[in-house]
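In what follows, chains carry the letters A, B, and so on, assigned in the order in which the sequence lines appear, proteins first and then strands, with residues in each chain numbered from 1.
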Amino acid sequence: MSEILSEACGLRFGYREEEALVDGVDFQVRRGDVRIISGESGKGKSTILRCLVGLEQPMLDDLGSAAGQVFLFGEDIWDIPHWRLQELRKRTGYVFQNNALISNMSVEDNIAVPLRYHTDLPEEEIHRKVQKWIDMLLLNGHEDKRPAHLSLGMQKRAAVARAMAMEPEILFLDEPTAGLDAKNTDIMLSLIGNLRALSNVAIVMVTHDLASAKPLGGRIALLLDGHLRRARTMEELLMSPDLYERDLVRETDERSAHFDHASDFPA
Amino acid sequence: MDFLEAASTLPSRVLSGIGAAWSRSRPGRVAHLLLQVLASPFRGKRVTARQIGEIFLQQMYFTAVEAVPIVVVLATLVGGVTLIEFATVLPRVGNSSFLGDVMVLVILRELGPLFTAFLVAGRTGSALATFIGNMKVHGEVDALESMGIDPVRFLVLPAVLGSTIGMICLSLLFTASAIFGGFMVAQFLAWAFPGSLGLDMDLASFLEHTGAAIKLLDVVVMIAKPFSFGMAIALLACLNGLALGKSSHEVPQGTRSAVVDAIVVVVVLDGIFAALFVLPQVGVYIP
C-alpha cells in the first residue's frame, strides 16, 4: 500500500459558525492516485479542496477544538505552525478555479515565482525549467504576456504550469475545465493526463462535470448534502444500487462521447 | 464548589477575553502584522534579495523616485509661504534674526515630515492598499499561500521596507527643498522690497544661519519621524488590503480606510513625538 499524501478525517467545515457546509468528510489520496470530487455547484467541493491544503481555518466544535482532522504528508495541518504548513505546501501544486495568476507578472515570471522563492537555483536554470513547462503546456510565444492578455484556456494552462513548477507530489485542481470550450477542455485533460504519466503526480480534481473527469480515470467521490461518499470507479458507480449515482453516470456517459478522443491529443 | 471553580478561572477568562478583543481591534491587528513583519525574516529559510528584491525596488521607485517632482514643487511652495509668513511676523515681535531657527523648527521638525507623510499616505498608501486588496480579491494571496509562499514575507515586508526608506528619502528632500525654496523667496523679497524685511542675505550666510540652528535632536527627529510615519502608512495599507474579502467593491473601501487611518495615525504619532522630544526641551515634564 503506497504512502498517504493527503487525508481528511471527519472533516466538518462551514463559513458560518452554526451551519456546516460539509460534514463528516473522510478522504484519502495516496501516491500516484487520481481522485475526482464531484457534485452539484455550490455544495462545498472547492471548500474541501481548500481545507485539504489549509487555505481555510478549521471550524471549532463545542469544546473549541478543530472539527475533524486534515493531514498533509502525514502531518495534521491544523496542529502545526504556519511556517511548517508552508514547507509542506512546497510539495503540492494547486490550480484555482479562477487561475489566480499574479496579474502584474508575465506568464514566465508567474511560473518562476515558486522556484525563485523556494530554491537557490541560478536564473539560467530557472529559465530552463520554466521553459520546459511552457513547452509542455503549449504556451510558447506567450511567455512575456500578462495573464489578462491570454485566453481563458491559456490562463488555465499557465496556472497548471505554475502549480507544476516545483514538481509536486500531489496536484489539486479546482474545476480546471470550467468555462472552456470542448476543444480547450480536450487539450487541458490531455495535458493533465500527460503530466500524470510523466511525473506520477497524484491528482485531486474537483469538477461539477463528471464527463470531463472520465478521461483521467481514477476514483470518483460524490458530494451530496454535505457528505462525501466513498470514492469509486465509474464502473462501480454504474453498478451502484443508488438511483442518483447510476443516473448521474449514465447521463455523463451520454454527454462524454465527445471527450473520448481526448487521449488522442499529441503528447 | 461551582462558584469557587468559576472564581478561580475568572482571571484567566478575563485575560483571554481581553486578548481576544485586542486581537480583533484595529490597533491589535496592526501590532500583530508588525510582529509578523519583524518575525518573517527569521522564519524558515533566510530572506534572499531574490525573494523580496523586486517588490522592494518597485516600492522604492514608486514611493521615492516618482514622487520627486511633486515633492520638490510642494516643498518649495511650502518653504516660500512659511518664510513670507514669519518674515512679516517676526519683525513685529522685535527680532527677525530668529528666521533661520524658526524655519528649521517649522520645516525640519514639523512640516517636512508631516507634508511628506500626507503625500505618501495619498500616493503610496492608496496604491499599496489597492494593489494588495486586488490580489486578495482575485485569490492571488491564496495562490501564494498555496505555493508555500508567506504573503507577509513576499508582499508586506518588502512593501514596508521600500515605503519606509522611500519616506525617509522624500522627507529629507522635502526639507531641503523647502529651506532652499525659502531662500529663493527671501532673495525675491529682498530684491522686490530692499531692506524692508531684513531678508537680504546671500546663500552662504543663509545656509550658515540655518545650519547653525540645526541641533542633534533635530537630526534625530528628521529621521525618526519619517521612519515611523512611513512604516505606519505601509503597515496600514497592507493591513487594509489583506483584510478584504472576495468582492471587488471592497477594494475602494479598503483604500479609503488605508488613507484615512494613515493620516490619523501620522498625526497621533506626531503628537507623541512632540511629547517625547519637544515638550521636555521647554521644561514641560511628562511623567
Worksheet item: Checking heavy atoms, do the side chain of B:Met135, its backbone, both or neither come under 4.5 Å from chain A?
Response: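 Contact with chain A: side chain only.
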With a 4.5 Å limit on heavy-atom distance, are the side chains of [X] and [Y] in contact?
{"X": "B:Asp150", "Y": "A:Trp83", "result": "no"}
{"X": "A:Phe172", "Y": "B:Ser146", "result": "no"}
{"X": "A:Arg89", "Y": "B:Ile149", "result": "no"}

Could you look at [X] and say if it's the side chain, the backbone, both or neither that has a heavy atom under 4.5 Å from chain B?
{"X": "A:Tyr117", "result": "both"}
{"X": "A:Leu115", "result": "backbone"}
{"X": "A:Gln97", "result": "neither"}
{"X": "A:Arg91", "result": "neither"}
{"X": "A:Leu101", "result": "backbone"}

Item to complete: For chain A, find its close neighbours in residues 151-172 of chain B: heavy-atom separation under 4.5 Å, sorted by number, or none.
Response: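 At a heavy-atom separation under 4.5 Å, chain A is reached by B:Pro151, B:Arg153, B:Phe154.
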Worksheet item: Could you name the residues of residues 239-269 of chain B that have a heavy atom within less than 4.5 Å of a heavy atom in chain A?
Response: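 Against chain A, the residues of residues 239-269 of chain B that fall inside the cut-off (heavy atoms, under 4.5 Å) are B:Lys246.
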Discussion item. Testing the basics here: between A:Ala100 and B:Ala143, what is the closest heavy-atom pair and its distance to 0.1 Å?
Written reply: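 Here A:Ala100 and B:Ala143 meet closest at O-CB, 3.6 Å.
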Worksheet item: At their closest point, which heavy atom of B:Glu145 faces which heavy atom of A:Leu55, and how far apart are they?
Response: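 Heavy atoms only, the tightest pair is CB-CD2, 3.7 Å.
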Worksheet item: About how many Å separate CG of A:Asn99 and NE2 of B:His138, when rounded to the nearest 0.5 Å?
Response: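 Taking NE2 in B:His138 and CG in A:Asn99, the distance rounds to 12.0 Å.
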Fill in: Pairwise distance NE2(A:His118) to CE(B:Met147) - rounded to 0.5 angstrom
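The CE atom of B:Met147 is 7.5 Å from NE2 of A:His118, to the nearest 0.5 Å.
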Worksheet entry | Pick from A:Lys90, A:Met166, A:Arg116 with the largest number of heavy-atom pairs that fall under 4.5 Å of chain B |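 Counting heavy-atom pairs under 4.5 Å, the top option is A:Arg116.
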Discussion item. Please determine whether the number of non-hydrogen atoms from other residues, nucleotides or ligands lying under 6.0 Å from atom CZ of B:Phe227 exceeds 12.
Written reply: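 No.
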Worksheet item: Out of B:Asp142, B:Asn134, B:Leu144, which one racks up the most heavy-atom pairs below 4.5 Å with chain A?
Response: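 It is B:Asp142.
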